[in-house]
Amino acid sequence: MLCKEETKTCKQVVVSEYMKMHQFLKEEEQLQLQLLEKEEKENVKKLRENEIHLTQQVRRINKMIGRIESICQNLTLESFEEVRGAMDRYESLLFQCPETTITELSLCRITGMREMLRKFSTDITLDPATANAYLLLSDDLKSVRYGGTKQQLPDNPERFDQSATVLGAQIFTCGRHYWEVEVGKKTEWEVGICKDSVNRKGNLPKPPGDLFSLIGLKIGDDYSLWVSSPLKGQHVREPVHKVGVFLDYDSGHIAFYNVTDESLIYSFPPSSFHEALRPIFSPCLPNEGTNTDPLIICHI
């Protein structure tokens with residue numbers, strides 16, 4: 001009798017957690033739709049403003065052309081001087097380029113995000129057998145950085161030989177999993193999930209479906225985030241210092257989060273996974289000493 005009661009209680013807990021996660025994902029979807037609608041309205045507004053600006057600019061140029069044509073009907077020295085004066089007055093207009101409309105990847109804040117995701121926290125470690133020979137792993141296999149000197153390591157089939165990449169030791173074929181990675185002030189980095197069968201040799205772009213990664217890139221004061229693959233990205237206002245990676249294998253859901261401000265960075269369209277998946281990490285090249293910090297898998 002006690003066993004039945006315990007089983008019943010266990011089922012109730014599982015159902016409760018499932019309902020919470022379902023509600024969480026539903027709210028995430030609604031927030032994303034609201035965010036996209038807001039961005040669409042802002043972009044349409046910018047495009048209309050640009051259209052008005054261009055129309056005014058075309059009218060001024062046509063006016064200038066008409067004035068010059070009128071002057072040129074009576075070509076005298078004074079006429080040439082008048083044409084020069086008109087050109088001087090409209091010089092700034094002639095060299096003015098229309099403003100482009102740039103959309104930004106807005107991060108969508110989700111209340112209680114981290115508390116919910118931490119319930120699926122998975123202890124992730126790095127797999128030394130897959131690490132590029134230039135990468136240095138910590139003793140606890142929780143951090144990786146580019147070493148600068150090629151180590152004498154066996155060129156086994158699992159090892160990345162060209163890309164500065166290492167895989168996580170954990171292999172996923174079911175369930176929900178969440179982990180966090182400290183990227184700090186690095187100027188370039190990549191974290192994500194890939195197929196266990198991903199090509200380790202060469203440095204060619206990965207086919208769509210083989211890699212689901214988030215890339216951070218800082219050039220000067222310009223900061224952008226990219227997702228792969230296929231590769232696409234947007235400029236963002238502030239750098240991301242800690243990334244959360246969430247995988248729901250059974251529902252085909254992969255998403256990245258900004259842990260610091262509890263916001264959704266990007267959620268891949270739902271997919272059907274038929275192969276084993278693994279975490280993937282790249283501290284990228286040192287970039288003349290500006291990108292030497294490690295990637296650190298956080299303890300949750």
Counting C-beta onward and ignoring hydrogens, is there a side-chain heavy-atom pair between [X] and [Y] closer than 4.5 Å?
X: D250; Y: F273; result: no
X: E190; Y: F281; result: no
X: V259; Y: V243; result: no
X: P279; Y: W179; result: yes
X: D196; Y: L277; result: no
X: E262; Y: E115; result: yes
X: P205; Y: L231; result: no
X: T125; Y: K142; result: yes

Could you give the distance from [atom1] ([X]) to [atom2] ([Y]), rounded to the nearest 0.5 Å?
X: R145; Y: I296; atom1: CZ; atom2: CD1; result: 11.0 Å
X: S263; Y: R114; atom1: OG; atom2: CZ; result: 12.5 Å
X: S213; Y: K206; atom1: OG; atom2: NZ; result: 9.0 Å
X: I265; Y: N258; atom1: CD1; atom2: CG; result: 5.0 Å
X: L225; Y: K218; atom1: CG; atom2: NZ; result: 13.0 Å
X: I219; Y: N287; atom1: CD1; atom2: CG; result: 8.5 Å

Counting N and O atoms only, with roles assigned by atom type, does the side chain of [X] sit under 3.5 Å from a partner on the main chain of [Y], one being a donor and the other an acceptor?
X: N291; Y: E188; result: yes
X: R159; Y: P128; result: yes
X: S282; Y: A164; result: yes
X: N156; Y: A129; result: yes
X: S138; Y: S143; result: yes
X: D161; Y: G202; result: yes
X: H241; Y: G184; result: yes
X: R200; Y: V198; result: yes
X: K150; Y: Y134; result: no

To check you understand the geometry: which heavy-atom pair defines the closest contact between [X] and [Y], and what is its length?
X: L135; Y: P283; result: CD2-CG, 3.7 Å
X: C194; Y: L211; result: CB-CD1, 4.0 Å
X: L264; Y: F256; result: CD1-O, 3.5 Å
X: I215; Y: S228; result: CD1-CB, 4.5 Å
X: V181; Y: C298; result: C-SG, 4.1 Å
X: S163; Y: N132; result: O-ND2, 3.1 Å

Query raised in the report: What's the verdict on side chain to side chain contact (heavy atoms under 4.5 Å, CB included) for T187 and L217, showing C-alpha distance, side-chain angles and the deciding distance?
Result: CA-CA 6 Å; T187 57; L217 183 63; over 6 Å; no
Any side-chain donor paired with an acceptor under 3.5 Å for [X] and [Y]?
X: W226; Y: S224; value: yes
X: T130; Y: E158; value: no
X: T122; Y: Q170; value: no
X: K242; Y: Y257; value: no

Is there a path of hydrophobic side-chain contacts, each under 4.5 Å between heavy atoms of I/L/V/M/F/W/Y residues, joining [Y] to [X]?
X: V144; Y: L136; result: no
X: I193; Y: I297; result: yes
X: V166; Y: L153; result: no
X: F160; Y: I124; result: no
X: L285; Y: Y223; result: yes

Between [Y] and [X], is the closest basic N to carboxylate O distance under 4.0 Å?
X: D293; Y: K186; result: no
X: E275; Y: K195; result: yes
X: E180; Y: R118; result: no
X: K201; Y: D155; result: yes

Step through it carefully: locate the ring centre of [X], locate the ring centre of [Y], and say whether they are under 6.0 Å apart.
X: Y249; Y: F172; answer: no
X: H177; Y: F120; answer: no
X: W189; Y: Y146; answer: no

Requested in this report: Kindly determine whether V191 and I280 satisfy side chain to side chain contact (heavy atoms under 4.5 Å, CB included), including the steps that lead there.
Outcome: CA-CA 6 Å; V191 299; I280 187 169; over 6 Å; no
Requested in this report: Assess whether side chain to side chain contact (heavy atoms under 4.5 Å, CB included) is satisfied between K232 and V227, documenting all intermediate values.
Outcome: CA-CA 6 Å; K232 55 183 176 180; V227 291; 3.6 Å; yes
Requested in this report: Might you confirm whether atom CZ of R278 has over 12 heavy atoms from other residues, nucleotides or ligands at distances under 6.0 Å?
Outcome: yes
Query raised in the report: Can you check side chain to side chain contact (heavy atoms under 4.5 Å, CB included) on V240 and T260, steps first, answer last?
Result: CA-CA 8 Å; V240 175; T260 306; over 6 Å; no
